[in-house]
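Fair warning: this is a prediction, and the values are worked out from it, not measured in the lab. Just so it is clear, the values below take in all heavy atoms, side chains as well, and ignore hydrogens, waters and symmetry mates. All chains are named by letter (A, B, ...) in the order of the sequence lines, taking the proteins before the strands, and each is independently numbered beginning at 1.
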There are 2 protein chains.
Amino acid sequence: MSQFNNVTITKEANIYFDGKVTSRTVFFVDGSKKTLGIMLPGAYDFNTDSKELMEILSGDLEIQLPGESWKKISGGESFEVPPNSNFKLKIHTVTDYCCSYL
Amino acid sequence: MSQFNNVTITKEANIYFDGKVTSRTVFFVDGSKKTLGIMLPGAYDFNTDSKELMEILSGDLEIQLPGESWKKISGGESFEVPPNSNFKLKIHTVTDYCCSYL
């Protein structure tokens, strides 16, 4: 188990897709933020504002980045998403993730 | 939005009931801990070790404490569960909670 020390966490969750995607926001002393979240099986579209680094802590999924083909991702892997873009996910098993806003 | 400052948070989620109940653990400088979690609609049984204070941040559910009848609870309400006991929940809408271990 890894952990983040000396952080601020938002008490209330961010809830999307009827609760099938949820997260909480963590703020770091250097001003950066991450979200720690769970995605249940399903197909989802997301839009980004900033560049994102999605670290998959556990789970099996497929991702389609803009202009790319579907790619399989599993726990322990990560991927980056460009800013101001859209990406699609197919979640096959319960997925635990950490998203960094770069 | 309220938040917890100067805390440590476990990166990996606690995942129960095929991901329909998930949480992450938050540790405070005074040595206390809480879990921040999400419960999706369904019926669940939980066992406690320590006494717990369950604060419902949002959602609608029913709880049955040992030897008591079912009671409706909504976002903004809370309930306590005795140590070393069992309680039952019927979650009616996506429920965001904060559990304190007392």
Side-chain angles (χ1 to χ4, degrees), chain A residues 1-44 53-61 74-78 89-100, chain B residues 1-44 53-61 74-78 89-100:
Chain A
M1 280 284 191
S2 52
Q3 57 189 34
F4 296 127
N5 299 309
N6 193 23
V7 296
T8 291
I9 184 167
T10 302
K11 195 174 178 186
E12 289 83 4
N14 312 304
I15 301 177
Y16 311 101
F17 301 106
D18 292 328
K20 293 181 78 179
V21 177
T22 58
S23 69
R24 279 182 170 84
T25 309
V26 180
F27 299 94
F28 292 75
V29 287
D30 68 0
S32 65
K33 76 169 184 177
K34 299 181 193 293
T35 51
L36 290 168
I38 293 284
M39 296 184 285
L40 297 190
Y44 310 105
L53 169 64
M54 279 286 283
E55 182 185 354
I56 305 303
L57 305 173
S58 64
D60 293 290
L61 61 149
S74 292
E77 298 181 308
S78 60
L89 293 179
K90 291 179 194 165
I91 304 296
H92 298 305
T93 64
V94 180
T95 294
D96 186 13
Y97 72 88
C98 176
C99 180
S100 300
Chain B
M1 281 284 192
S2 51
Q3 58 189 34
F4 295 128
N5 299 310
N6 193 23
V7 295
T8 291
I9 183 166
T10 302
K11 195 173 177 186
E12 290 83 4
N14 312 304
I15 300 177
Y16 311 100
F17 302 106
D18 292 327
K20 293 181 77 177
V21 177
T22 58
S23 69
R24 280 183 170 83
T25 309
V26 180
F27 299 94
F28 292 76
V29 288
D30 67 359
S32 65
K33 77 169 184 176
K34 300 180 194 292
T35 50
L36 290 168
I38 292 285
M39 297 184 283
L40 297 189
Y44 310 105
L53 169 64
M54 279 285 283
E55 181 185 355
I56 305 304
L57 305 173
S58 64
D60 294 289
L61 61 148
S74 292
E77 298 181 309
S78 60
L89 292 179
K90 290 180 195 165
I91 305 296
H92 298 305
T93 64
V94 179
T95 293
D96 186 13
Y97 72 88
C98 176
C99 181
S100 300

Contact winner vs chain A - Pro41(B), Cys98(B), Ser58(B), Gly37(B), heavy-atom pairs under 4.5 Å: Gly37(B)
Worked check of side-chain contact (heavy atoms from CB on, under 4.5 Å) between Val7(A) and Val7(B): CA-CA 5 Å; Val7(A) 296; Val7(B) 295; 4.1 Å; yes
Distance, nearest 0.5 Å, that separates CG of Asn6(A) from CG of Asn5(B): 9.5 Å
Residue Leu40(B) versus chain A: region with a heavy atom under 4.5 Å: side chain
Atom group of Leu57(B) that falls short of 4.5 Å from chain A, counting heavy atoms: side chain
Contacting moiety of Ile9(A), where chain B heavy atoms sit under 4.5 Å: both
Minimum heavy-atom distance between Thr10(B) and Leu36(A), given as atom pair plus value: O-CD1, 4.1 Å
Choice from Thr93(A), Thr95(A), Val94(A) maximising heavy atom contacts with chain B below 4.5 Å: Val94(A)
